[in-house]
Amino acid sequence: MTGRLQGKVALISGAGRGQGRSHAVRFAQEGADIIAFDICAPITTAPYDMATSSDLKETARLVEAAGGRVVWSEADVRDLRQVTDLVERGVSEFGRLDVVCANAAYTCFVENTWSITEDQWDELIDVNLSGVWKTVKAAVPAMIAAGNGGSIAITSSSAGTKGMINLGHYSTAKHGLVGLMRTLANELAEHRIRVNTIHPTGVDTKLLDNDHIKSFLAANPSWGDNMQNALPVELLEPVDISNAILFLASDEGRYVTGVPFAVDAGFAIR
């Protein structure tokens, strides 16, 4: 099947690399035009580098190579004005907005929940939870105004399905997204806008492939027991998540809403 998003427009946060880039390219392959953004700057308490301007430009190039048009900007999910300005520019260019992928996030291991500093807590919650709300807040009025229905996919995590040690702030944010999703699914149903969360297990991106994560796992080898999948696969590929969101955004998922959608190789059943 091809052209499942033909004529539709998708907004994607955290599009500079990893899952966000994969979503942008995969949707363009299926006919969508893309509104893409990423912070392209350091986050103070993030223990690894964020995507760069060059990364985001490469995403834009790949979208165009896949046949899609793209409006992109360096924007911070914590800054509602920046996100709203980009949405307005994208809708002015493309005439509509149908799909939102609230994907931007980062993670950080800590000793335990009570040792998290205020800065670590506040900044991660601002990006991973409040940033999703701001993305949705900026996007929903345009989706309602277009009158075409649509799909909002919020990237949670396997850490949004159970309490995970050494990730208290991250797990809290990812659980919070489920409550946000369920509320939005009820509020937006009358507009035929469907809202779901995606719960990946580990995915082969820079969120996991960085020195901070590698050092922590080397120092705490038993921690890996928390990340065992039922299927014999260690990490998923970004496109595995993209394909799940594509299903939800397409007509195939037209009656799926309010669902925590696990794409986790059986992680949640272990």
Side-chain angles (χ1 to χ4, degrees), residues 9-28 32-66 68-94 97 99-108 119-120 122-139 142 153-155 157 169-170 173-174 177 200 203-213 238-239 241-242 245:
V9 177
L11 171 70
I12 303 170
S13 66
R17 66 188 186 197
Q19 291 185 48
R21 174 184 287 176
S22 177
H23 302 342
V25 174
R26 187 71 187 91
F27 293 177
D33 293 320
I34 306 299
I35 306 170
F37 70 103
D38 206 304
I39 187 172
C40 300
I43 293 176
T44 304
T45 60
Y48 55 91
D49 293 336
M50 299 294 103
T52 65
S53 299
S54 296
D55 290 328
L56 187 56
K57 290 177 183 176
E58 176 64 7
T59 296
R61 187 193 70 79
L62 291 169
V63 166
E64 291 175 340
R69 297 179 296 170
V70 59
V71 169
W72 60 275
S73 178
E74 296 177 18
D76 186 341
V77 291
R78 296 171 293 183
D79 189 321
L80 180 60
R81 184 71 261 164
Q82 289 183 11
V83 181
T84 301
D85 286 349
L86 174 61
V87 170
E88 290 175 352
R89 184 157 65 91
V91 172
S92 177
E93 177 76 17
F94 298 138
L97 179 58
V99 179
V100 174
C101 294
N103 163 78
Y106 73 99
T107 192
C108 173
D119 287 345
Q120 286 176 320
D122 290 345
E123 193 160 46
L124 189 139
I125 296 296
D126 279 351
V127 173
N128 291 16
L129 180 55
S130 298
V132 170
W133 170 72
K134 290 178 183 180
T135 301
V136 171
K137 179 177 174 63
I154 295 171
T155 303
S157 168
H169 47 353
Y170 184 76
K174 294 302 187 178
L177 294 175
V203 181
D204 189 10
T205 71
K206 288 294 183 182
L207 186 140
L208 292 182
D209 183 15
N210 61 73
D211 290 342
H212 167 71
I213 299 293
V239 72
I241 315 306
S242 302
I245 298 176

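Residues Ala66 and Val25 come closest through the heavy atom pair CB-O, 4.1 Å. For Phe27 against Val99, the heavy-atom pair with the smallest separation is CE1-CG1, 4.2 Å.
In terms of the salt bridge (Lys or Arg N to Asp or Glu O under 4.0 Å) criterion, residue partners of Arg81 (sequence neighbours excluded) are, by chain and number, Asp85, Glu88. Not counting sequence neighbours, Asp55 has no partner by the salt bridge (Lys or Arg N to Asp or Glu O under 4.0 Å) test. For Asn103, the side chain to side chain donor-acceptor pair (under 3.5 Å) criterion is met by no residue, not counting sequence neighbours. In terms of the side chain to side chain contact (heavy atoms under 4.5 Å, CB included) criterion, residue partners of Val91 (sequence neighbours excluded) are, by chain and number, Val87, Leu97, Ala142. With sequence neighbours excluded, no residue forms a side chain to side chain donor-acceptor pair (under 3.5 Å) with Thr155. In this view, Thr45 and Tyr106, Glu123 satisfy the side chain to side chain donor-acceptor pair (under 3.5 Å) rule, not counting sequence neighbours. Residues passing the side chain to side chain donor-acceptor pair (under 3.5 Å) test with Asp79, sequence neighbours excluded: Gln82.
From Ile43, atom CD1 reaches atom CG of Asp76 across 7.0 Å, with rounding to the nearest 0.5 Å. Rounding to the nearest 0.5 Å gives a distance of 12.0 Å between CD1 of Ile12 and CZ of Arg26. Leu86 CG to Ser73 OG: the interatomic distance, rounded to the nearest 0.5 Å, is 5.0 Å.
When atom types are taken as modelled, the side chain of Ser22 and the backbone of Ser242 share no donor-acceptor pair closer than 3.5 angstrom.
With contacts defined as side-chain heavy-atom distances shorter than 4.5 Å, the pair Cys108/His169 qualifies. The closest side-chain heavy-atom distance from His23 to Ile241 is below 4.5 Å. Within the 4.5 Å cutoff, the side chain of Val132 has no heavy atoms near those of the Val77 side chain.
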**OP:** Walk me through it: do Trp72 and Val63 pass the test side chain to side chain contact (heavy atoms under 4.5 Å, CB included)?
**Re:** CA-CA 11 Å; Trp72 60 275; Val63 166; over 6 Å; no
Subject >> Criterion side chain to side chain contact (heavy atoms under 4.5 Å, CB included) on Arg78 and Ile39, from CA distance to verdict >> reply: CA-CA 9 Å; Arg78 296 171 293 183; Ile39 187 172; 3.5 Å; yes
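Residue pairs meeting the salt bridge (Lys or Arg N to Asp or Glu O under 4.0 Å) criterion with at least one partner in residues 34-44, sequence neighbours excluded, do not occur; the list is empty. For residues 124-138, the set of pairs meeting the side-chain hydrogen bond (donor to acceptor under 3.5 Å, both in side chains) definition, not counting sequence neighbours, is empty. Applying the side-chain hydrogen bond (donor to acceptor under 3.5 Å, both in side chains) test to residues at least two apart or on different chains, the pairs with a partner in residues 56-65 are Arg21-Thr59, Glu58-Arg61.
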